[in-house]
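Notes for the one structure printed next.
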Amino acid sequence: MAHLTQNPADKERFICLYPVYINSKKTLAEGRRIPAEKAVENPSCTEIRDVLTAAGMNVYMECVCVCVFVFQNKMHPREWNRDVQFRGRVRIQLKQEDGNFCQEKFSSRKDVMLYVAEMIPKLKTRTQKSGGGDTSSQQGEGGKKSKKKKK
């Protein structure tokens, strides 16, 4: 019966945010909902949760959780990749019980998506990963360029 409630403070009434919504590697047909230039490459549920928790939002993750009693396997319907990295979703409380927004800067689902996509690249885990990832990608590109020159 919880799904029939009109109370915006109930967890079942929180909005859902799948990582595919803000993934720059996905097309609109594959589920991306914001412009590609504002999206972020391969976001995870954990990153989305961390950004929104830091912003003071009430969030919880629904992801692959193998516990004694619980096994949730939430995925976006258009996500063809079954890897654990692409599974899960985050639920976010936009409105309080009285109907007012929890935070004025988040007055719609799109506001939340754009904010998350802007903040994920600033996470420490992203800045550390990008430093190591850039050198390896540059080495790979360098190898490809030299092969092209030899032909």
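For the residue pair M113 and Y21, the shortest heavy atom distance occurs at SD-CB, 3.6 Å. Of all heavy-atom pairs spanning V40 and P121, the tightest one is CG2-CG, 3.9 Å.
From S44, atom OG reaches atom CZ of R126 across 7.0 Å, with rounding to the nearest 0.5 Å. If you take CG on L52 and CE on M57, they are separated by 6.5 Å, rounding to the nearest 0.5 Å. One finds the SG atom of C102 at 10.0 Å from the NZ atom of K95 (value rounded to the nearest 0.5 Å). Atoms SG and CE, from C45 and M61 in turn, are 6.0 Å apart once rounded to the nearest 0.5 Å. Going from atom CD1 of I15 over to atom OG of S108 covers 8.0 Å, rounded to the nearest 0.5 Å.
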T46 and T125: CA distance, side-chain angles, deciding distance, side-chain contact (heavy atoms from CB on, under 4.5 Å) verdict: CA-CA 11 Å; T46 307; T125 54; over 6 Å; no

Verdict with reasoning, F101 to F106, per ring-ring contact (aromatic ring centres under 6.0 Å, His included): CA-CA 7 Å; F101 291 109; F106 300 125; over 10 Å; no

Yes or no on side-chain contact (heavy atoms from CB on, under 4.5 Å) for K38 and L114, after CA distance, side-chain angles and deciding distance? CA-CA 7 Å; K38 293 185 179 182; L114 291 171; 3.8 Å; yes

side-chain contact (heavy atoms from CB on, under 4.5 Å) between N58 and I92, worked out: CA-CA 6 Å; N58 185 12; I92 304 125; over 6 Å; no

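Using a 4.5 Å heavy-atom cutoff, the side chains of K122 and T127 are not in contact. Inter-residue side-chain proximity for P43 and N23 is flagged as met; some heavy-atom pair is nearer than 4.5 Å. A 4.5 Å side-chain heavy-atom check between I120 and I22 finds at least one atom pair inside the cut-off.
Heavy atoms from other residues, nucleotides or ligands lying under 6.0 Å from CD of E37 number more than 12.
Ion pairing between K25 and E30 fails under the 4.0 Å rule for side-chain N and carboxylate O.
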